[in-house]
Amino acid sequence: MHITVINPNTTRAMTDMIGSCARGVAGPGTRISAVNPSMGPASIESHYDEALSVPGLLHEIAEGERAGSDGYVIACFGDPGLDAARELAGGPVVGIAEAAMHAATLVGRSFSVVTSLSRTVGRAHDLVRHYGFADRCVGVYACDIPVLALDDPSTGAARVIIELCRQTVERDKADSIVLGCAGMADLCSYISQEVGVPVIDGVSAATKLVESLVTLGYSTSRRDEFARPLPKAYVGGLSAFELVD
């Protein structure tokens, strides 16, 4: 089985960390390709960043199709371009926010999200509602550390995130914590040991979900909305994205 894990930003060091986390949970015989676009933002921390990450993401989906990938993980908590990617990919596509929230509901009654910057809190709430978990999510909190600084020892990111997790467990009675950024993936086990409740990394959860869907022979329905997009002219800088029959 070949699963492509796509970091929609262009920072290779973050892609390597994400790939390592995915490989750490993948089963025997599953090959993980961790990739990122060559165009787009260095990190995704705004609606603008998210919108401009999608063309590069879709290019990586097309590349994965040519390479024979069986399924895809979109490794950004905003789940950017998820619906468009499902239209293009032959196999299942899972976003890390959707995967993590589903996993959280299987291990407890309630969960909280701990994310990066406060400006992304609204987007996290939007996704909670979109995926149907508004009655299970008891809070969304930001550590206010930029994505690319999460692995910088000088920021003390792990301690800040642990304290936020402790607060929501004590104050909101959260049964589990969803980490709201792919850049936190490698902190998952450590935070869980410190806080004492399940701490869910969407990269790992999405990898196992894609693996399971491929094993079961399930992929995106082509009945209507997620059928391949109709061919039409694309002009200017997007001409390379034009689809043909």
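Since this is a predicted model, take the numbers as computed values, not measurements. By convention here, the first residue in the shown sequence is residue 1. No hydrogens, no waters, no symmetry mates; every other heavy atom, side chains included, goes into these values.
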Would you say the side-chain atoms of Thr115 pair up with the backbone N or O of Ala142, donor to acceptor, closer than 3.5 Å? no
Any donor-acceptor N/O pair, Ser239 side chain to Tyr234 backbone, under 3.5 Å: no
Remaining members of the apolar cluster that contains Leu187, side-chain heavy atoms under 4.5 Å: Val114, Tyr141, Ile145, Leu150, Val160, Ile161, Ile162, Leu164, Val169, Ile177, Leu179, Met184, Tyr190, Ile191, Val195, Val197, Val199
Point-to-point distance, once rounded to the nearest 0.5 Å, from NE2 of His59 to OG of Ser38: 6.0 Å
I'd like a table of donor-acceptor pairs (distance under 3.5 Å, sequence neighbours excluded) in which one partner is a side-chain atom from residues 97-108, with atom names and distances.
residue	atom	partner	partner atom	Å
Glu98	OE1	Arg86	NH2	3.0
Thr105	OG1	His102	O	2.7

The test is side chain to side chain donor-acceptor pair (under 3.5 Å); show your working for Ser204 and Asp201 and say whether it passes. CA-CA 6 Å; Ser204 299; Asp201 152 43; 2.6 Å; yes
Within a strict 4.5 Å, meaning less than it, do heavy atoms of the Cys188 and Ile200 side chains meet? no
Tell me if the CZ atom of Arg119 is crowded by more than 12 foreign heavy atoms within 6.0 Å. no
Under a 3.5 Å distance rule, please check whether Thr11 uses its side chain to pair with a backbone N or O of Ala42 as donor and acceptor. yes
Would you indicate whether Arg109, at its atom CZ, is surrounded by more than 12 heavy atoms from other residues, nucleotides or ligands within a distance under 6.0 Å? no
Around Phe241, counting heavy atoms of other residues, nucleotides and ligands shown, do more than 12 lie under 6.0 Å from its CZ? yes
Between Asp144 (side chain only) and Ser118 (backbone N and O only), is there a donor and an acceptor less than 3.5 Å apart? yes
Any heavy-atom pair between the side chains of Leu243 and Leu88 that's under 4.5 Å? yes
Can you tell me if Asp70 uses its side chain to pair, donor with acceptor, with the backbone of Ile3 under 3.5 Å? no
Where do Asp151 and Leu148 come nearest, in terms of heavy atoms and distance? OD1-O, 3.5 Å
Is a side-chain N or O of Ser43 found less than 3.5 angstrom from the main chain of Asn9, in a donor-acceptor match? no
Testing the basics here: between Thr10 and Gly40, what is the closest heavy-atom pair and its distance to 0.1 Å? CG2-O, 3.6 Å
Nearest heavy-atom contact between Ile96 and Ala206 is CG2-CB, 4.1 Å
Check whether Thr4 reaches the backbone of Gly64 with its side chain - one donor and one acceptor, N or O, closer than 3.5 Å. no
For the pair Ser20 (side chain) and Met17 (backbone), establish whether a donor and an acceptor sit closer than 3.5 Å, ignoring hydrogens and angles. no
Does any pair with a residue in residues 25-48 pass salt bridge (charged side-chain N to carboxylate O under 4.0 Å, His left out), and if so which ones, sequence neighbours excluded? none
